Amino acid sequence: MELRDKIQKRDAKVAIIGLGYVGLPLAVDAAKAGFKVTGIDMQDSKVNLINNGKNYIGDVADDDLREVVKNKNLQAVKDFAIIKDMDVIVICVPTPLNKYKEPNISYVQNVSKEISKYIKKDSLVILESTTYPGTTEEIVQTEIEKSGLKAGDDFFLVFSPERVDPGNKKYKTHNIPKVIGGINERSSELASAFYGSFIEKTHIVSSPRVAEMTKLLENIFRIVNISMINELALLAGKMKIDIWEVIEAASTKPYGFMPFYPGPGLGGHCIPIDPFYLSWKAKEFDFYTRFISLAGEINDLMPHFVVTKVISALNSVKKSVNGSKILVLGVAYKKDIEDLRESPALKIIKDLIKKGADFSYNDNYVPELKLEDKIFKSEKFTADTLQKADCVLITTDHSYYDENLIVNNSKLIVDTRNVIKRRDLNNLFRL
Ligand code: SAJ
């Protein structure tokens with residue numbers, strides 16, 4: 001098997017299409033494993049940064065990127081023509097939703113068309129972008145077979161879901177098992193040989209659809225459980241029960257329980273997005289995925305609920321949002337990362353500004369914030385900054401937030417992330 005030998009010997013030339021938070025870590029890891037990797041991205045900025053050894057993804061080590069660029073194991077281009085020399089082609093482009101929460105599969109479609117123009121015989125194509133079951137065969141295979149090559153014989157085709165947990169210090173590309181679903185056994189074996197050269201474990205399933213569904217199950221599991229705990233948090237609040245204490249107690253159960261935590265809403269580029277790829281596809285089968293829809297509704301409500309919490313907090317000291325100085329602590333969608341995508345903090349901030357709040361924020365991971373047509377700069381996290389605010393709203397639990405500093409210097413605190421563990425404060429309003 002020529003391609004298999006090339007992979008074993010690291011002679012296979014690898015193209016990674018889409019150099020974002022999935023594609024760049026993968027490109028660097030494959031390059032570190034000894035493959036000659038060419039990243040393809042439509043953005044000049046990304047291509048230039050990479051070719052100058054400049055990193056822009058938090059989960060990639062600057063030195064690693066610099067090293068593989070310096071030793072010429074990684075380069076970036078914009079032009080798809082390079083595909084004609086490639087043996088392994090991995091698609092890591094976005095699969096977003098449009099404003100009606102319907103899949104926008106155009107990036108995958110367009111890239112598949114480009115690959116079809118240049119693909120050579122006996123190459124391996126892998127789709128990593130999270131999508132609905134059927135995409136690999138209905139979109140990628142259909143487009144690439146327009147080249148005249150037959151999937152499974154003339155080229156090999158696999159779906160292998162990306163599994164990236166931004167900011168996770170323990171689980172990186174190399175130690176997160178890789179699920180692989182090929183359109184035939186040879187496809188799966190080749191993908192397993194490729195990933196197996198820099199990922200500790202691979203897990204082969206019987207088809208791309210199983211692999212596509214696996215990824216969706218992982219993320220639907222999260223969105224449903226996060227929305228469930230958000231709903232219980234709303235109820236517990238009304239019942240004057242501390243939901244955080246309840247979760248801590250339930251977590252003592254050594255089996256059959258996994259803690260999820262209430263929050264200001266659901267951010268990130270995966271959990272609020274991916275499940276709606278399945279609910280959309282399900283309609284083709286006259287099937288309505290009610291858990292996903294309900295989860296989406298509850299999570300979408302949380303930012304509004306947080307704004308009402310701020311209103312209640314200010315009301316308790318006879319103040320209105322209008323004209324009050326509100327300091328938001330944390331705008332990233334989760335702790336200790338810089339990513340703003342779908343961040344619930346942004347929805348909350350826009351609503352507060354619309355209500356007349358005098359808004360400022362601190363987020364050491366996000367030095368400046370562009371909202372509508374204004375640019376805000378992150379304030380220093382100091383006693384002075386806290387004292388100036390009429391109300392401090394904690395929306396992201398970055399590790400650097402010091403509970404005592406906040407408690408000792410804030411007039412009012414709305415805490416959506418259980419940063420303030422003390423329960424004896426009458427100026428503290430919590431989820
Ligand atoms: N969140 C809660 N309560 C929780 C957990 C999360 O409110 O108990 C919120 C977070 O604050 C965040 C959002 O949900 O706004 C999503 O958080 P997440 O922990 O699911 O992390 P993501 O979206 O950055 O990455 C996830 C991966 N994370 C984990 O498994 C912990 C994983 O689900 C996927 O590998 C990845 O998305 C992906 O690429 O799909």
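Remember, it's 1-based here, ligands and their atoms both numbered in the order they're listed. Counting from 1, the numbers follow the sequence of the chain as shown. Excluded from the calculations below are hydrogen atoms, water molecules and symmetry mates; all remaining heavy atoms, backbone and side chain alike, are included. Everything numeric here is computed off the predicted structure, so don't read it as measured data.
Atom 19 (O) of ligand 1 has its closest protein heavy atom at Arg222 NH2, 2.8 Å. For atom 11 (O) of ligand 1, the closest heavy atom belonging to the protein is Arg417 NH1, 3.0 Å. Protein heavy atom at the shortest distance from atom 16 (C) of ligand 1 is Gly267 O, 3.5 Å. Counting protein heavy atoms only, atom 10 (C) of ligand 1 is closest to Tyr333 O, 3.9 Å. Scanning the protein heavy atoms around atom 1 (N) of ligand 1, the nearest turns out to be Ile226 CD1, 3.7 Å. Nearest protein heavy-atom contact of atom 26 (C) of ligand 1 is Ile271 CD1, 4.1 Å. Looking only at heavy atoms of the protein, atom 25 (O) of ligand 1 is closest to Asp165 OD1, 3.6 Å. Looking at atom 3 (N) of ligand 1, its nearest protein heavy atom turns out to be Tyr261 O, 2.7 Å.
Contacts with ligand 1 closer than 4.0 Å are made by no heavy atom of Glu218, backbone or side chain. Only the side chain of Asn219 comes within 4.0 Å of ligand 1, counting heavy atoms alone; its backbone N, CA, C and O stay farther away. The backbone of Val164, and not its side chain, has at least one atom closer than 4.0 Å to an atom of ligand 1 (non-hydrogen atoms only; backbone = N, CA, C, O).
Within the set Glu128, Glu342, Lys215, the minimum heavy-atom distance to atom 34 (C) of ligand 1 is found for Lys215.
For ligand 1, the atoms closer than 4.0 angstrom to any heavy atom of Pro166 are 24 (O), 25 (O). Less than 4.0 angstrom separates some heavy atom of Leu266 from each of these atoms of ligand 1: 13 (C), 14 (O), 15 (O). Taking every non-hydrogen atom of Phe260 and a distance limit under 4.0 Å, the qualifying atoms of ligand 1 come out as 8 (O).
Under 4.0 Å is where a charged nitrogen must lie from a carboxylate oxygen, and between Lys319 and Asp390 at least one such pair does. Salt bridge annotation for Glu128-Lys178: present, with a cationic side-chain nitrogen under 4.0 angstrom from a carboxylate oxygen. In summary, Lys281 and Glu284 engage in a salt bridge, as defined by a charged side-chain N under 4.0 Å from a carboxylate O. Under 4.0 Å is where a charged nitrogen must lie from a carboxylate oxygen, and between Arg430 and Asp242 at least one such pair does.
Counting only heavy atoms from C-beta outward, the side chains of Leu386 and Thr382 never approach each other to under 4.5 Å.
Checked against a 6.0 Å centroid threshold, the rings of Phe376 and Phe359 count as neighbours. Ring-centre distance between Phe381 and Tyr401: below the 6.0 Å cut-off.
A donor atom on one side chain and an acceptor atom on the other are not found under 3.5 Å apart for Ser378 and Asp363.
Of the polar atoms of Lys334, at least one N or O is found under 3.5 Å from an N or O of ligand 1, judged by distance alone.
For Lys170, the NZ atom is loosely surrounded, since the number of other residues' heavy atoms within 6.0 Å does not exceed 12. The number of heavy-atom neighbours closer than 6.0 Å to NZ of Lys325, taken from other residues, nucleotides and ligands shown, is 12 or below.
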